[in-house]
Every structure is written in C-alpha cells, then in structure tokens.
Amino acid sequence: MSDDIFKNIYNKLVKHKIHKYYKFIMVIILYFLYQTNFILLLLDSFGLKINSIKKSVRMPIFMLNDLIYIIILIIMFKKEIKKGIKDLKHNFSKRVVLSLNCWIVGSLIMSISSLLISIFLKQNLSGNESAIRQSIQMAPIYMLFTCSIVAPIFEEMVFRRALYGLIKNKWIFIIASGVTFGLLHVIGTFNNITDFLYVIPYGAMGFAFAYLLNKTDNIVLPISVHMLHNTILVIAQIIGR
C-alpha cells in the first residue's frame, strides 16, 4: 500500500517536472523560429517572395506572421493568463501600485546607466536602440504593433514565465532573467566588446519585470508594464521623427 502511494507521488512529480521542461523547450523553439523568420522563409521557399511585395501588402503579412506566434503562446499559457487576470481583478489597486513602482525604478536605472555608458563609450545609442529607431522610421505602424504587443508578450513568456517555472530560488531567477534579457537585446547588434555594457540598462528592466512576476506570481503584470514601457518609447520616437 505504502509503495503504491510513493509510486503515485513520484509519478506526479516526474510528470509535473516534464511538463515544466516541455513548456520551456517549446517556448525557446518558438522564440528561435520567430527570430529566424521561419514562416516567412517557408513562404519564400514556396515561391512567395515577401520582400518583393509592395510595402502596403508586406506589412500586414509581417503582422499576421507575428500574430500567429502570439496566439500559440496565449494558448500555451492560457491557464497562467487567466489566473493573472483573476488576480488583477481581486487586487487591482495593489497590483497597479506595485507594477508602476517596479516600472519607475527599472526605468530610472535603465536611463541613468544608459546615459553613463553612452558618455563612457562616447556614443549616443546602443546598437539595438539604433536598429529599432531605423525600423520605426521605415515602418512606424508595424513597429508600434510589434514593440507594443508582440515583443512584450513574447519576451515575458520567454524570459520570465518559462524561466519562472524552472528556477525556484527568487534571486537566481531574477538575476538569470534580467541578465538573459539584457544579453538578448545586445548580442545581435554589438560592434565591439564594450557594447556589452548595455546589458546593464536592458537587464535593469528585466530585473524589474522578473521581480514583479516573482512577487505576484502573475504574468499579466510584467506583460502589461512591458507593453506600457515600449508603447511610450515607440510613440515618442514616432512623434519626434
């Protein structure tokens, strides 16, 4: 009898662990496919040359491509999202105050560290920021969509929710999440080794979002704050261009 009880407990634990790793692996694969434009490359292999299509048609295709990934992510994490929405309804005032505090602290650290690094490196912007601004100049509506909706959902699921399911230690999770988040915003656009200093400002926001998730166990909050943060930055660029 006791052997059966222990066997059942073991089986439940193993299944739970496999389920966590399964989600983490699936999210990483999905992120890789998104970053490599897998769907668009697939269409290209079938003869649909996306880049040869006029811009007014190409942008909606890009948006639809992004939307497919977001729908998959929402389906994968629908339980966590429903739980987050329910928590937000029951604790709205507390959650809003905490979210804004995390955002303000993260934004201040990000702004100050970016300024200091720019002075030290004698350059105004990071490679990632320069690339984003150029993209906003070329396709403002698409960039508003992808930066304000797609990126926050994708990045919070990858760097926060997926990691949160694996790392139980609070500070290890926050540090791992922030550093990984920072690195992924630098590694694709750096020109030399000193550009990796920009991991600090990007990581600051990652730490803030990770802390918010760890504090509340509510993925909706960092997604919402991330959306707010990116939307303000993109609109400011569109207005000021």
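Remember, it's a predicted structure, so these values are computed and weren't measured experimentally.
- Between the NZ atom in Lys78 and the CD atom in Glu80 there is a gap of 11.0 Å [rounded to 0.5 Å].
- Rounding to the nearest 0.5 Å places CE of Met205 at 7.0 Å from CE of Met110.
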Check: residues 220-228 side-chain donor-acceptor pairs under 3.5 Å, at least two apart:
residue : atom : partner : partner atom : Å
Ser224  : OG   : Val220  : O            : 2.7
His226  : ND1  : Glu156  : OE2          : 2.6
His226  : NE2  : Glu155  : OE1          : 3.3

Criterion side chain to side chain contact (heavy atoms under 4.5 Å, CB included) on Val186 and Asn128, from CA distance to verdict: CA-CA 6 Å; Val186 173; Asn128 181 72; over 6 Å; no

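- Not a single donor-acceptor pair under 3.5 Å links the side chain of Ser107 to the backbone N or O of Ile104.
- Put simply, the side chain of Thr146 never gets that close to the backbone of Met143: no donor and acceptor are under 3.5 Å apart.
- One distance of note links CG of Leu183 with NE2 of His185; it measures 11.0 Å at 0.5 Å rounding.
- Side-chain N or O atoms of Asn101 include one that pairs as donor or acceptor with a backbone N or O of Val97 at under 3.5 Å.
- A distance of 9.5 Å separates CG of Leu116 from CD1 of Ile200, quoted to the nearest 0.5 Å.
- A donor-acceptor contact shorter than 3.5 Å is absent between the side chain of Asn214 and the backbone of Lys170.
- Under the 4.5 Å side-chain heavy-atom criterion for ILVMFWY residues, a single connected hydrophobic cluster contains both Ile72 and Phe24.
- In the hydrophobic clustering of ILVMFWY residues, with side-chain heavy atoms under 4.5 Å counting as a link, Tyr198 and Leu184 come out together.
- Val105 and Ile112 are members of different hydrophobic clusters when ILVMFWY side chains are connected at heavy-atom separations under 4.5 Å.
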Working note: Leu41 + Phe38, criterion side chain to side chain contact (heavy atoms under 4.5 Å, CB included); need CA distance, chi angles, decisive distance, verdict. CA-CA 5 Å; Leu41 290 174; Phe38 174 76; 5.8 Å; no

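- Between the Ser148 side chain and the Phe145 main chain, no donor and acceptor come within less than 3.5 Å of each other.
- Each of Thr216, Asp87, Asn218 was compared with Arg95 under the side-chain hydrogen bond (donor to acceptor under 3.5 Å, both in side chains) criterion, and only Asp87 meets it.
- Just one residue in the list Arg161, Lys86, Met157 forms a side chain to side chain contact (heavy atoms under 4.5 Å, CB included) with Ile81, and that residue is Met157.
- In this structure, Tyr34 and Val158 have side chains that are not in contact, with every pair of non-hydrogen atoms separated by 4.5 Å or more.
- A perpendicular orientation is assigned to the rings of Phe159 and Tyr31, their planes being inclined by more than 60° (bins at 30° and 60°).
- Proximity of Ile141 to Ile238: side-chain heavy atoms (C-beta onward) are nowhere separated by under 4.5 Å.
- With hydrogens and angles ignored, the 3.5 Å screen pairs a side-chain donor or acceptor of Asn169 with a backbone N or O of Ile172.
- Atom CG of Leu197 and atom CD1 of Ile117 lie 5.0 Å apart (nearest 0.5 Å).
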Can Tyr142 and Asp66 be said to form a side chain to side chain contact (heavy atoms under 4.5 Å, CB included), step by step? CA-CA 10 Å; Tyr142 172 69; Asp66 293 352; 2.8 Å; yes

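- Hydrophobic clustering, with ILVMFWY side chains joined whenever heavy atoms are under 4.5 angstrom apart, groups Met59 together with Val57.
- A cation-pi contact, defined as under 6.0 Å to the ring centre and within 45° of the axis, links Arg160 to Phe181.
- Across every non-hydrogen atom of Ala208 and Gly106, the tightest pair is CB-CA, 4.1 Å.
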Does the side chain to side chain contact (heavy atoms under 4.5 Å, CB included) test come out yes or no for Val150 and Tyr69, once each step is laid out? CA-CA 9 Å; Val150 180; Tyr69 289 103; over 6 Å; no

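- Rounding to the nearest 0.5 Å gives a distance of 4.5 Å between CZ of Phe173 and CG of Leu213.
- In this structure the side chain of Tyr211 reaches within 4.5 angstrom of the side chain of Cys102, judged on heavy atoms.
- Within a 6.0 Å radius of CG in Leu115, other residues, nucleotides and ligands contribute more than 12 heavy atoms.
- Hydrophobic cluster membership is shared by Ile39 and Leu67, with clusters built from Ile, Leu, Val, Met, Phe, Trp and Tyr side chains linked at under 4.5 angstrom.
- The side-chain heavy atoms of Glu129 and Tyr202, taken from C-beta on, include a pair separated by under 4.5 Å.
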